[in-house]
Protein chains: 2
Amino acid sequence: MTQEEKTARQDGGVRERLLAAALGLFNSKGYAAASVREIVEASGVTKPVLYYYFGNKEGLYLELMNGPLAEFESSLKRVTAFQGGVTERILHFCLTILELVRENVEVARLVYAIYYGPPQGAPHIDFNTLFDRMVESIGEMVREGAENGELRPDAGQDGAWAVISILNTAMEEQFCHTPPRIDGPQMERMLRLLMEGLAAKTA
Amino acid sequence: MTQEEKTARQDGGVRERLLAAALGLFNSKGYAAASVREIVEASGVTKPVLYYYFGNKEGLYLELMNGPLAEFESSLKRVTAFQGGVTERILHFCLTILELVRENVEVARLVYAIYYGPPQGAPHIDFNTLFDRMVESIGEMVREGAENGELRPDAGQDGAWAVISILNTAMEEQFCHTPPRIDGPQMERMLRLLMEGLAAKTA
DNA sequence: GTCTATATTGAGATAGAC
DNA sequence: GTCTATCTCAATATAGAC
């Protein structure tokens, strides 16, 4: 057993408590306004413990984000491999993303706050590329649908952004309103409403 | 001429420069992270000047928000008085709101950051009621359209939220991406795509 | 690993001269 | 109205004992 492994086993609870407390405080007060003092008090430890585990406030923040973000990215890869008609693939994609967000509301809320709001002095993380990849995935599906006749031939950019709008707003509702006024089934109904406008009139 | 009027004339430039600098810094660093020192330096004055005009940082923030918010509210009232078919009224409503946002991007960005993100220690302003009123206005229009046969009879909650989603995401694009990937005409096309799904099939 | 105690910096805010 | 100089407090971070 290496020294690293020993350390990893020993520090168990404290690390997690610090991460959880920081996440809660970053969300309720913002990265800048949440002080180290508050974080350690909420975790029932003292300041040096935080510096021992994470080096500094930034290190704690990065540690907090990296796990869930990596998980999200790998989920993104898996979901694009889904087979079926374009409409069903779009629905499946959006529902999966929404479910991911619902499972990690706290982290998602923080990501959105940093992405959409001022960085607040938090170290930079490239959320932009991640969001763009999501946009691009939906764009490709819509384009494919327009080409193979499943969607209207003019369902290009505008159609893709309309889908993204619904997904985006549904996600935001998860962490900006309690209880959220949009859930999975409702988002699906909204998307189907949109699709009936997007779908090719073959009747 | 009262004392108030004299004062109002005299302090001209400084007040405005402080407000503008604060708005810029609140947006780029967040309310908590933007320091009074930075604000006054950017305005070319010293700290006591800020305290002279606004009492404190919170006073400055409130002064900054109140003007545009009142203007926005009165615009909301005016736009709901627009006459015409439901579809055109919805389009007019959304285009007007988007235009308002585009004319006050900086304030809108700050409002969204505070509304969606952590309050950062900024004094509370009730944006919720304002947003709800917007949601309610759209809800009423859709409901009316469903009743008078201009929209599908089942175009209720879901249809309204689909409209809101498009408007919401279009607004966000204005202050979260340069250049914005959505403008007025594109939002209109997205809404019309949605409408063709919502509209009653009378053909 | 975790503590007490403290160094150091920068924050918001004010006193008092002009 | 605007300044210089300063107060007070809380922030991040660390030294050093256990």
Side-chain angles (χ1 to χ4, degrees), chain A residues 1-26 28-64 118-124, chain B residues 1-26 28-64 118-124:
Chain A
M1 188 187 290
T2 69
Q3 187 56 43
E4 283 75 12
E5 285 167 340
K6 266 193 214 156
T7 308
R9 276 225 266 124
Q10 283 167 2
D11 50 22
V14 176
R15 259 187 78 99
E16 310 316 312
R17 256 151 50 211
L18 279 167
L19 287 169
L23 181 53
L25 282 161
F26 289 161
S28 60
K29 314 190 52 172
Y31 177 82
S35 73
V36 169
R37 184 181 54 78
E38 288 170 306
I39 297 171
V40 297
E41 273 178 11
S43 313
V45 296
T46 55
K47 283 197 262 185
V49 179
L50 185 151
Y51 288 96
Y52 173 79
Y53 282 104
F54 303 102
N56 53 30
K57 196 180 170 182
E58 296 202 351
L60 172 55
Y61 169 81
L62 290 172
E63 200 71 12
L64 194 57
Q120 310 177 66
H124 180 73
Chain B
M1 189 187 290
T2 69
Q3 187 55 44
E4 282 76 9
E5 284 167 341
K6 267 193 214 157
T7 309
R9 275 223 267 124
Q10 282 167 3
D11 49 25
V14 177
R15 259 187 77 99
E16 309 316 312
R17 255 151 52 211
L18 280 167
L19 288 168
L23 180 53
L25 283 161
F26 290 160
S28 61
K29 315 190 52 172
Y31 177 82
S35 73
V36 169
R37 185 181 54 78
E38 289 170 306
I39 296 171
V40 297
E41 272 178 12
S43 314
V45 295
T46 54
K47 282 199 265 186
V49 178
L50 186 151
Y51 288 96
Y52 173 79
Y53 283 104
F54 303 103
N56 53 31
K57 195 180 170 182
E58 297 201 351
L60 171 56
Y61 167 82
L62 290 172
E63 201 71 11
L64 193 57
Q120 310 175 57
H124 179 73

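Numbered from 1 within each chain, the chains take letters A, B, ... in sequence-line order. Below, each value reflects all heavy atoms present in this structure, side chains not excepted, and no hydrogens, waters or symmetry copies.
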- Item | Pair A/Val45-A/Leu50, side-chain contact (heavy atoms from CB on, under 4.5 Å): steps then yes or no | CA-CA 8 Å; A/Val45 296; A/Leu50 185 151; over 6 Å; no
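- Note on B/Lys47: every side-chain N or O is 4.0 Å or more away from OP1 and OP2 of C/dA13.
- Remark: B/Thr46 is not in phosphate contact with D/dT2, judged by side-chain N or O atoms under 4.0 Å from OP1 or OP2.
- Separating the CZ atom of B/Phe54 from the P atom of C/dT14 is a distance of 16 Å, rounded to the nearest angstrom.
- Nearest-nucleotide positions on DNA chain D for B/Val49 and A/Asn56 put B/Val49 closer to the 5' end.
- The CG atom of A/Leu62 sits 11.0 Å away from the CZ atom of A/Phe54 when rounded to the nearest 0.5 Å.
- One finds the NZ atom of A/Lys47 at 9.5 Å from the CD atom of A/Glu41 (value rounded to the nearest 0.5 Å).
- The line from OH of A/Tyr52 to OG1 of A/Thr46 is 13.0 Å long, rounded to the nearest 0.5 Å.
- Atom pair A/Lys57:NZ and D/dT14:P shows a separation of 15 Å (rounding to whole Å applied).
- Atom CZ in A/Arg15 sits 9.0 Å away from atom CG in A/Leu60 (nearest 0.5 Å).
- Residue B/Ala34 is classed as a sugar-phosphate contact, given heavy-atom separations below 4.0 Å to backbone atoms only.
- Not one side-chain nitrogen or oxygen of A/Tyr51 sits closer than 4.0 Å to the OP1 or OP2 atom of D/dT14.
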Under 3.5 Å between N/O atoms: give me all the protein pairs with nucleotides 15-18 of chain D, atom names plus distance.
none

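- Per the geometry, CG belonging to A/Leu50 stands 16 Å off P belonging to C/dG1, to the nearest Å.
- For A/Val36, the listed nucleotide lying nearest its side chain is D/dT12; candidates were D/dC3, D/dT12, C/dG1.
- In this structure, A/Lys57 NZ and A/Tyr31 OH are separated by 5.0 Å, a value rounded to the nearest 0.5 Å.
- Taking atom OH of residue B/Tyr31 and atom C1' of nucleotide C/dG12, one finds them 10 Å apart after rounding to whole Å.
- Side-chain N/O atoms of A/Tyr52 include none lying less than 4.0 angstrom from OP1 or OP2 on C/dC3.
- Rounded to the nearest 0.5 Å, atoms CG (B/Leu23) and CG (B/Leu64) are 5.0 Å apart.
- B/Glu38 has its CD atom 17 Å from the C1' atom of C/dA13, to the nearest Å.
- Following rounding to the nearest Å, A/Lys29 (NZ) and D/dA10 (P) show an atom-to-atom distance of 12 Å.
- Comparing C/dA11, D/dC3, D/dG1 against the side chain of B/Ser35 picks out C/dA11 as the nearest.
- At whole-Å resolution of the value, CD1 in B/Ile39 and C1' in C/dA13 are 13 Å apart.
- Put simply, CZ on A/Arg37 is 17 Å from P on C/dA5, counting in whole angstrom units.
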